[in-house]
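Counting starts at 1 for both ligands and their atoms, following the listed order. Quick caveat, the model's predicted, so the values are computed rather than measured.
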Amino acid sequence: MHTRSRRDLIISAAVTGAWLGLDKSLAMVAPDSPQTPATPVRSQNKPPVRRAQTPDPRPGFLRYKVGGAEVTALYDGIWEKVHDAKYFGNATVAEVKQALAAAGLTSSFVPIPITVFVVKLNGKLILCDSGGGDQVQAFNPNSVFVSGKMMANMKAAGIDPKAIETILVSHFHPDHIFGLLEKKTNAPVFPNAEVIVPAAEYKWWTDPSLVARLPEWRRPLAQRIQSVIPNWKNVLPVDGEDEVVPGISFVSVPGHTPGHTAFHLTSGSAQLMISNDAAYVPALSVNHPGWHGAFDQNGEMAEASRRKLLDRVVADQMLICGSHFPWPGLAKITKDGGSYALTTVRSA
Ligand SMILES: [Zn+2]
């Protein structure tokens, strides 16, 4: 274990009304619009089981090297999101379908896979976000939203969950943190790991006055966070862009959420930008960086952060991975006029 001491929270991001004004479009896991529900598969006395149309990758893990670091991508699941006219403020459903098709993806729904990354660096195992822990379907009754396969895939990859020493959290959306919580009890899934979180994100979600200011549908998430995370003794909020473990630094990319953070891994001359949700689904947000999605809490700020991050990745010719990139989540990016082009790769 590294021995950094718990710091006082130094909050740089003010909790402003501007954020709250955008709460109606809050979040990656915005509820579905009331469209035709996906048909659940029913069995006699059990609740409906949702099955994704997208086949799981087999195996559900992929390992590659970034300098001396070993990265393992773990498949957690997929959100097959029904199309929704409100998904982008400045792009139509027809344009979204066209962008998906242009990237070679299905346009029957928006395919939003979840990939979680484990980095082995200097002998330590670092988990980057935790997937949805099979606890996000209820937020999205009209779409199929499968998650929680990370643990089985971690074990299949030969990684002992008990050996995870550090967990880095990018932001507090359900598909990134629910994998840290047991489904029924909220008990920590990784009780012995230190959980390093962006201080601005921690401050925003744990402000007791937040719940009353949120729209109704978003309150359960804030309530769950507030009833659990502040009580954990192993949570370390870190402000700014510190090196949080040797070889990995926080990179501030606010907009998706107030404290949304990427992780920059360096090992020798090799670099990987673990971009989390800064570039979201590349067919939409990388190829059309100016589209403002409902998944970004502050669209203008998210776009500025996204462009800054992608410009850095291009300038330094580093690899990039993302939570919702096409499996295995690893890619190279080039600049393409005012936008960007992404190529999925399977090895560094
Ligand atoms: Zn996400």
Salt-bridged, D160 to K155, with N to O below 4.0 Å?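 No, this pair does not count.
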
Apart from V93 itself, residues in the same hydrophobic cluster as defined by side-chain heavy atoms under 4.5 Å: none

Looking at the Zn ion (ligand 1), which N/O/S atom of D175 is the nearest one?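 Looking at D175, the N, O or S atom with the least distance to the Zn ion (ligand 1) is OD2.
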
Between F263 and F250, is the gap from one ring center to the other below 6.0 Å?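 Yes, ring centres under 6.0 Å apart.
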
To the nearest 10 degrees, how large is the angle at the Zn ion (ligand 1) between D277 OD2 and H324 NE2? 110°

H176 N/O/S atom closer than 2.8 Å to the Zn ion (ligand 1):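 Within the cut-off used here (under 2.8 Å), H176 does place an N, O or S atom near the Zn ion (ligand 1).
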
In sequence, state the C-alpha distance, the side-chain angles, and the governing distance for D311 and Y340, and then conclude on side-chain hydrogen bond (donor to acceptor under 3.5 Å, both in side chains). CA-CA 9 Å; D311 284 343; Y340 305 85; 2.7 Å; yes

